[in-house]
Amino acid sequence: MASRAAGAFGLLATAGELATEAGITGWQEGEALEAVSTCFALWKAERGSLPPEDAAILNGVNEFIQRHGEARFAPVHFRWQRPQAYQ
C-alpha cells in the first residue's frame with residue numbers, strides 16, 4: 001500500500017514540476033516536489049509504518065495477551081534451566 005501511495009505522490013510531484021517548468025503554476029522549481037514530500041510524510045505519519053492488516057493483527061494479539069495475561073501464557077522451564085523464584 002505504501003509503495004502504491006509513494007508512486008501516486010511521485011506522480012503528483014512530477015506533474016507539479018512539469019507544470020512549473022511550463023510556466024503554469026508560478027511556483028519556483030522544486031516547490032511542487034517539496035510540497036508533495038511534506039504531504040507524503042504527513043500521510044505516512046498518520047497512517048503508521050505497518051500495513052493496516054498487519055497493524056490490526058498486532059493490536060489483536062496485544063489485546064489478547066493483555067486480557068488473558070498469565071492465565072494463558074506462563075513461563076516455560078526446560079530441564080537444563082532452574083526455575084527462578086518469583087518475587
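Start at 1 with the first residue, then count along the sequence.
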How close do W43 and A5 get, heavy atom to heavy atom, and via which atoms? CH2-CB, 3.3 Å
Side-chain donor-acceptor pairs of residues 8-19 under 3.5 Å, sequence neighbours excluded:
unit_1 : atom_1 : unit_2 : atom_2 : d
T14    : OG1    : G10    : O      : 2.9
E17    : OE1    : G30    : N      : 3.0
E17    : OE2    : G30    : N      : 3.2
E17    : OE2    : A32    : N      : 3.1
E17    : OE2    : L33    : N      : 3.0

Residues two or more places apart in sequence or in another chain: which of them pass side-chain contact (heavy atoms from CB on, under 4.5 Å) with E31? W27, Q28
Going by side-chain hydrogen bond (donor to acceptor under 3.5 Å, both in side chains), name the residues that satisfy it together with T25, two or more places apart in sequence or in a different chain. T20
